[in-house]
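Taking it in order: structure first as structure tokens, then the write-up.
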Amino acid sequence: MTRAWISPLLFVLCGSVVATGLILGGSPGTAVALLLLFVLIAAANSPLVFPRSIGALEARRRSAVDGRPIVFWRPGCPYCLRMRIRLGRRARQVHWVDIWRDPAGAAEVRAVNDGNETVPTVFVAGRPHVNPAPAWVREQLDASA
């Protein structure tokens with residue numbers, strides 16, 4: 001199991017414990033509602049919300065061909081989730097690199113962020129942009145089309 005799944009699993013586990021307590025306390029409706037909330041939070045923090053990640057080297061190769069941005073991200077990052085949600089359907093047009101799965105991607109991010117793994121870090125035409133506005137990333141997609 002990779003560390004990308006630790007946070008979602010903890011949310012589901014905690015939700016299950018709380019729901020069990022509520023059911024034993026005689027509040028099954030509240031238990032179901034809270035368990036559903038915990039499952040939704042777990043899903044939002046899981047890698048499932050993001051398009052399939054590729055390696056940094058493959059992302060660089062593809063970006064050189066099609067000019068699309070590369071987004072370096074990690075599961076559980078609220079700023080990455082915000083980027084993903086605000087890009088909407090256009091998120092599939094971006095090359096996503098999960099830095100927890102790709103050591104080369106993590107190294108690239110550290111190289112441009114003074115040794116920190118600050119995400120999302122977006123590369124456009126080889127230039128890094130740390131935590132840019134999703135609207136700006138959409139503009140870069142329009143420019144690459």
Side-chain angles (χ1 to χ4, degrees), residues 1-23 29-145:
M1 175 186 314
T2 64
R3 62 182 167 175
W5 289 101
I6 291 173
S7 176
L9 287 176
L10 286 176
F11 278 116
V12 170
L13 180 64
C14 290
S16 300
V17 168
V18 171
T20 301
L22 287 170
I23 289 172
T30 306
V32 169
L34 276 177
L35 182 58
L36 181 60
L37 177 67
F38 274 90
V39 168
L40 288 174
I41 292 170
N45 283 287
S46 77
L48 299 175
V49 173
F50 292 85
R52 186 173 169 267
S53 288
I54 57 176
L57 297 175
E58 178 65 14
R60 286 233 178 259
R61 186 191 67 74
R62 290 182 186 183
S63 182
V65 171
D66 61 21
R68 294 181 184 169
I70 303 169
V71 177
F72 290 86
W73 70 286
R74 66 174 171 75
C77 168
Y79 304 105
C80 298
L81 183 60
R82 179 189 77 147
M83 176 75 71
R84 167 60 185 98
I85 289 170
R86 295 233 177 123
L87 286 177
R89 291 182 183 179
R90 310 272 328 256
R92 298 225 179 262
Q93 297 174 350
V94 175
H95 304 294
W96 294 87
V97 178
D98 180 351
I99 65 169
W100 280 1
R101 287 187 170 197
D102 185 32
E108 280 190 55
V109 170
R110 283 192 304 271
V112 299
N113 290 307
D114 299 321
N116 298 310
E117 291 184 349
T118 307
V119 289
T121 297
V122 180
F123 280 79
V124 177
R127 296 189 58 220
H129 304 273
V130 180
N131 199 13
W136 181 84
V137 176
R138 277 194 306 274
E139 290 172 11
Q140 303 313 304
L141 283 169
D142 292 338
S144 69

> Under the side chain to side chain contact (heavy atoms under 4.5 Å, CB included) criterion, do I54 and R61 qualify, and how do the steps go?
Replying inline: CA-CA 11 Å; I54 57 176; R61 186 191 67 74; over 6 Å; no

> Rounded to the nearest 0.5 Å, how far apart are CG of N113 and CG of N131?
Replying inline: 10.0 Å

>> Can you confirm whether M83 sits close enough to V119 that some side-chain heavy atom of one is under 4.5 Å from a side-chain heavy atom of the other?
In response: no

>> Please find the pair of heavy atoms, one from P128 and one from T121, that lie closest to each other, and give the distance.
In response: CB-CG2, 4.4 Å

> Closest approach of P69 and V94, non-hydrogen atoms and distance?
Replying inline: O-CG1, 3.4 Å

>> What I'd like to find out is whether the side chain of W5 reaches to under 4.5 Å of the side chain of P8, using heavy atoms alone.
In response: yes

> Just by distance, do the side chain of R110 and the backbone of D114 share a donor-acceptor pair under 3.5 Å?
Replying inline: no

> Closest heavy-atom contact between P134 and L87?
Replying inline: O-CD2, 3.8 Å

> Where do P132 and P120 come nearest, in terms of heavy atoms and distance?
Replying inline: CD-O, 4.0 Å

> Do the rings of H129 and W136 sit parallel, tilted or perpendicular, given the 30° and 60° boundaries?
Replying inline: tilted

>> How long is the straight-line distance from CZ of R92 back to CG of L141, given to the nearest 0.5 Å?
In response: 13.5 Å

>> Do H95 and D66 have side chains that approach each other closer than 4.5 Å (heavy atoms only, starting at C-beta)?
In response: yes

>> I need the minimum non-hydrogen distance between D98 and R74, along with the two atoms involved.
In response: OD1-CA, 3.9 Å

>> Just verifying a value: how many Å separate R62 CZ and L57 CG, rounded to the nearest 0.5 Å?
In response: 12.0 Å

> Can you name the nearest heavy-atom pair linking A104 to A56, along with the distance?
Replying inline: C-CB, 4.2 Å

>> Just verifying a value: how many Å separate R138 CZ and Q93 CD, rounded to the nearest 0.5 Å?
In response: 11.5 Å

>> Quick check: do V97 and R60 have side-chain heavy atoms less than 4.5 Å from each other?
In response: no

>> Quick one: does any side-chain atom of W73 pair with a main-chain N or O of S53 as donor and acceptor, under 3.5 Å?
In response: no

>> Quick check for you: to the nearest 0.5 Å, what is the distance between T118 atom OG1 and F72 atom CZ?
In response: 13.5 Å

> At what distance, to the nearest 0.5 angstrom, does SG of C14 lie from CG of L34?
Replying inline: 12.0 Å

